[in-house]
Amino acid sequence: MRESYDPAAVERAAQQYWDERRAFEVGEDPARPKFYCLSMLPYPSGRLHMGHVRNYTIGDVLARYLRMQGYNVLQPMGWDAFGLPAENAAISNGVPPAKWTRENIAHMRAQLKSLGFAIDWRREIASCDPGYYHWNQWLFLRMREKGLAYRKSGVVNWDPVDQTVLANEQVIDGRGWRTGAPVEKREIPMYYLAITRYAEELLEALATLDGWPERVRVMQANWIGRSEGCDIAFPYAADTVAAAGSDGALRVFTTRADTLFGATFMAIAAEHPVALAAARHDARLAAFVEECRQGSVVEADVATQEKKGMPTGLHVLHPFTRKPLEIWVANYVVMAYGEGAVMGVPAHDERDFDFALKARLPVVTVIRPVSGAYEEVRAPWMPAYADYGVTVNSAEFSGLTFQAAVDAIAAALEKNGLGRKRVQYRLRDWGISRQRYWGCPIPIIHCGACGEVPVPDEQLPVVLPEDLVPDGSGNPLARSPAFYECRCPKCGGAARRETDTMDTFVDSSWYFMRYACADAANSMVDRRVDYWLPVDQYIGGIEHAILHLLYSRFWSRVMRDFGMVKFGEPFTRLLTQGMVLNDIYSYVPDDGRKRYVNPADVDTRRGADGVEVHEAVTPELGTVPVTHEGLGKMSKSSGNGVDPQHLVERFGADTARLFTMFASPPEQTLEWSDEGVQGAARFIRRLWNAVYEHVAAGPTLALDRAALSAAQRELRRAAHQALAKATDDIGRRRNFNTAIAAIMELLNSIGRFGDPSPQGRAVRHEALGIAVLVLAPITPHVCHALWLALGHPTAPVDEPWPTPDSAALAQETHEIVVQVNGRLRGHISVPVQADEAAVRAAALADERVRRFIGDKPVRRVIVVPGKLVNVVV
RNA sequence: GCCCGGGUGGCGAAAUCUGGUAGCCGCAUGGGACUUAAAAUCCCAUGGGGGAAACCCCGUGCCGGUUCGAGUCCGGCCCCGGGCACCA
């Protein structure tokens, strides 16, 4: 063993040891319990960032820990290789996305390997490989056969200058990112997957996911958004029937049928057929509908815009009172939800209230609080009353509580054929068409004679040409006759291949199954999936809490219903790790455009007035003061990233891993700190030095548990306490920071323990061994070296996880806290087996406690066994 | 706008399930030891206020409540972050 710690040499040796033994290549072994430990696959952006390091270190710690616990652990890795950044790189550098992507993968793979993750690299997949996306296409066609995949029109962001569909990310302040042109909404045909057919099951099964964070389950439940309500048909007035089209009534969905008598107007979306019909004869209305087409399709934009509307001059009749209600076109009504039309009840709905206030529409109060007087809602002095209550002013339905009113009104509507109860979901079907090049081609052929024709299975995969270079306007596939010109599989005539590609969420909805059988050439999955799946522990960013996880749950169910897999829930346990943050510094040169400076290049000192001054050397201006903008997610755009590679080169992978695990618990954000990294490096050196000094003093005798001094028993207890805590922290709580803190405390105790006697050395040997094995999943390289240096013949990866010795943990007395009136006043030491009366007596006898009690009468004494006594006076 | 989180010393954080000693561990800072010196290492101190000291008071974003006891539970607010369906 070397006297000083050399991370590069230690890490090289450990990685070589694992590689030579193929330590992390695993196969199906029915004799052992399996554990599938999966981290979300990275997008190959070019370089690893600290978020990756954090994500994969968490996964690796768990994988290595569970391996030591005796599980057959699978930990694979792959690449989410399709997507927009490759096209952006192509636009700025002229490099084909395929080349850019594959070079990035090679670079990032080497970076991952340098971090020492226990990955079975034989199973690596990339979603841009035809052998992978073949099966996206194949399953899409199976879904299409069942009606689970279908074509309908959908709304997209349209850049009128570039004549291109824009991703939401490419819309900046309502304008196209490259052209600056105001974005419009445009309807185009797209393919959809019928995730809403699984809405009920996806919602109900959330209750079974007890290994998921509660907040993720709540977010998913709200996203699915089950509402019980009523369809209500408002018949058109006589003068409206012709103008509105053939259908005799305007349909709405409402969760508040109890407020039906408070409806004073109808509001419809600008894209509603009735709005379009009315706009044909009304120039002002047409202009308003056109105005609503401006702007992006992003929900947050729609929801925060000012509420606007315009009357159509058309009317419906109230289903009970037959009073006419005017139809308005309103920008706050969304076509995608319900019927694209709502009944306007200003007295009992805040959005309707705001709208009615602006449009000067009447307000009719029909609900009063259950307990409390009737109060008329009168805009604007008295706000809308949106809570449940008792109906008033509602003819024969007055005086009913919410549920009774809804039941009675729904029954009456159903009798008249004007409505009935229905469950509505907020969840919409999944639109998967993208008018983009770098994605999986949708396997459809459009034939003038036969229409929409699926590509026959034997012609799959439809291979994406890899030599095209997008230029930012339109989809290069649509300009590539070599790709789109084809023969109709049905009639053999000239036909055009679909040029839309699939949403990249399709790729990531099932990759975790493919890892189990990455080499299966003739099928999407095979029976090995039954052994490995479902994933036992999934780890990834909280930003994926809804879409990716919901799509994967849906996709798994589809495959289950096709008989391909045996599970519906793909991820048994979920850990959502927080983001990695760093300081953001900027300055503004003469051109007025803000530049960012990496925090590593910022020099901070305290000025004469005690205020911190930040400076950096800039290319334009030399040394200038820079502004500290606070903390933000590490990103290219804020220039505050820390390159893991530099960290590994300077301190070693173990330091990088230790710091990311120690700085905060995995679910919280992690704030970068160069000093914290130094601290992690220092701790590893201290551990190294402690083991070195121990080993250098010669061999150790066997531990004789019966012959230990009090101080020796004390260190043993500290060691086994640390082991028990760290085991619980890693295995159950998944709080790695506190597990590390426990081992740091143990190392402090070992440092203070100077006993050079044979039994003292034996106790120290055991304690160092515990520290090294517990840290082995976190800092595997250095622990590999130290464990072998301690004289153990087996490497930590093949060691079982140690068990705490209950005899070492036993104590004769313990400390109890004594409070007077809930305030800490003293500590007493009592025998562990002392009963409540004895503890109480000891507490009341304590001198300091007596002082605080004084001559006041003791009213009550609360004894919490093993913890505290509270004397109430 | 809607849904979901978070807010504790100079800083990252701890206080777990089930309310029971607020601040483990680390960083930073100050002092000391070692050294020709520096670095490294080791030791001590470090929430705020008062006091010579013993010790006392205050303190977990803000306001209020429940309780013998609240960082933890309840109600209301403020601020910060994530998601909102074409970023991944």
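Just so we're clear, the structure is a prediction, and the values are computed from it rather than from any experiment. Throughout, protein chains are lettered first and strands after them, A, B, ... in sequence-line order, and every chain is numbered starting at 1. Worth knowing before you read on, the calculation uses all heavy atoms, side chains too, and leaves out hydrogens, waters and symmetry mates.
A/R682 comes within contact range of the sugar-phosphate backbone alone, with a heavy-atom separation under 4.0 Å but no base atom that close. Residue A/E671 is classed as a sugar-phosphate contact, given heavy-atom separations below 4.0 Å to backbone atoms only. Counting non-hydrogen atoms under 4.0 angstrom, A/Y192 reaches nothing in the nucleic acid. Contact annotation for A/M190: base contact, defined as any heavy-atom pair under 4.0 Å involving a base atom. In this structure, A/D729 reaches neither bases nor backbone, as no heavy-atom distance under 4.0 Å exists between it and the strands shown. Nucleic acid contact class of A/S433 (heavy atoms, under 4.0 Å, all strands): base. Counting non-hydrogen atoms under 4.0 angstrom, A/R825 reaches the backbone sugars and phosphates but no base. Across all strands, A/R732 comes closer than 4.0 Å to base atoms (heavy-atom distances). Residue-level contact check: A/V817 touches the bases, meaning some heavy atom is under 4.0 Å from a base atom. Using a 4.0 Å heavy-atom criterion, one finds that A/L84 contacts the sugar-phosphate atoms exclusively. Residue A/H827 is classed as a base contact, given a heavy-atom separation below 4.0 Å to a base. Among the heavy atoms of the strands, none lies under 4.0 Å from A/G541. Within 4.0 Å of A/K725, counting heavy atoms only, lies at least one base atom of the nucleic acid. Using a 4.0 Å heavy-atom distance criterion, A/M40 is classed as making no nucleic acid contact.
For A/D159 and A/T164, the side-chain atoms include no donor-acceptor pair closer than 3.5 Å. A donor atom on one side chain and an acceptor atom on the other are not found under 3.5 Å apart for A/R825 and A/N870.
Nucleotides B/rG83 and B/rA88 have their C1' atoms positioned 13 Å apart, rounded to a whole Å. Spacing of P atoms, B/rA13 relative to B/rU46, comes out at 23 Å, to the nearest Å. Taking the C1' atoms as reference points, B/rA28 lies 7 Å from B/rC11, given to the whole Å. When the C1' atom is used for both B/rG5 and B/rG61, the distance is 16 Å, rounded to whole Å. When the P atom is compared between B/rG26 and B/rG32, the two are found 23 Å apart, to the nearest whole Å.
A/N168 has a side-chain polar atom (N or O) that falls below the 4.0 Å cut-off from OP1 or OP2 of B/rA85. Residue A/N737 places at least one side-chain N or O under 4.0 Å from the OP1 or OP2 atom of B/rA14. For A/T504 and B/rA88, the shortest distance from a side-chain N or O to OP1 or OP2 is below 4.0 Å. Distances shorter than 4.0 Å separate none of the side-chain N or O atoms of A/R848 from OP1 or OP2 on B/rC55. Within the structure, every side-chain polar atom (N or O) of A/Q678 is placed at least 4.0 Å from both OP1 and OP2 of B/rC27. Phosphate proximity of B/rU41 to A/R685: present, with a side-chain N or O under 4.0 Å from OP1 or OP2. Under 4.0 angstrom from either OP1 or OP2 of B/rG20 there lies no side-chain N or O belonging to A/R823. For A/R860 and B/rC68, the shortest distance from a side-chain N or O to OP1 or OP2 is below 4.0 Å.
Of the candidate nucleotides B/rA14, B/rC84, B/rU21, B/rA14 has the atom lying nearest to any side-chain atom of A/T738. For A/A167, the side-chain atoms get nearest to B/rC87 when compared with the rest of B/rC87, B/rC68, B/rG26. Nearest to the side-chain atoms of A/K867 among the listed nucleotides B/rG1, B/rC25, B/rG20 stands B/rG20. Of the candidate nucleotides B/rC87, B/rC4, B/rG83, B/rG83 has the atom nearest to the side chain of A/E543. Across B/rA85, B/rG20, B/rG82, the shortest atom-to-atom separation from the side chain of A/I542 is found for B/rG82.
Under the 90° criterion around 0 for the glycosidic angle, B/rG32 counts as anti.
Using cut-offs of 30° and 60° on the angle between ring planes, the pair A/W100 and A/Y43 is tilted. Ring pair A/H52/A/Y56 is parallel by interplanar angle, where below 30° counts as parallel and above 60° as perpendicular. Classified by interplanar angle (parallel below 30°, tilted 30° to 60°, perpendicular above 60°), the ring pair A/Y5/A/W688 is tilted. Aromatic ring orientation, A/Y538 versus A/Y511: tilted (interplanar angle from 30° to 60°).
Side-chain N/O atoms of A/Q819 and base N/O atoms of B/rG20 include a donor-acceptor pair closer than 3.5 Å.
Note on A/R426 versus A/E299: salt bridge recorded, some NZ/NE/NH1/NH2 to OD/OE distance being below 4.0 Å.
Remark: B/rG23 base-pairs with no nucleotide in the shown strands. Criterion, Watson-Crick or G-U wobble with two distances under 3.5 Å. With a cut-off of 3.5 Å on both Watson-Crick or G-U wobble distances, the partner of B/rG5 is given as B/rC80.
Shown here is A/R2, whose CZ atom has no more than 12 heavy atoms of other residues, nucleotides or ligands within 6.0 Å.
Across the interface with RNA chain B, nearest-nucleotide mapping of A/R752 and A/P665 shows A/P665 to be the residue nearer the 5′ end.
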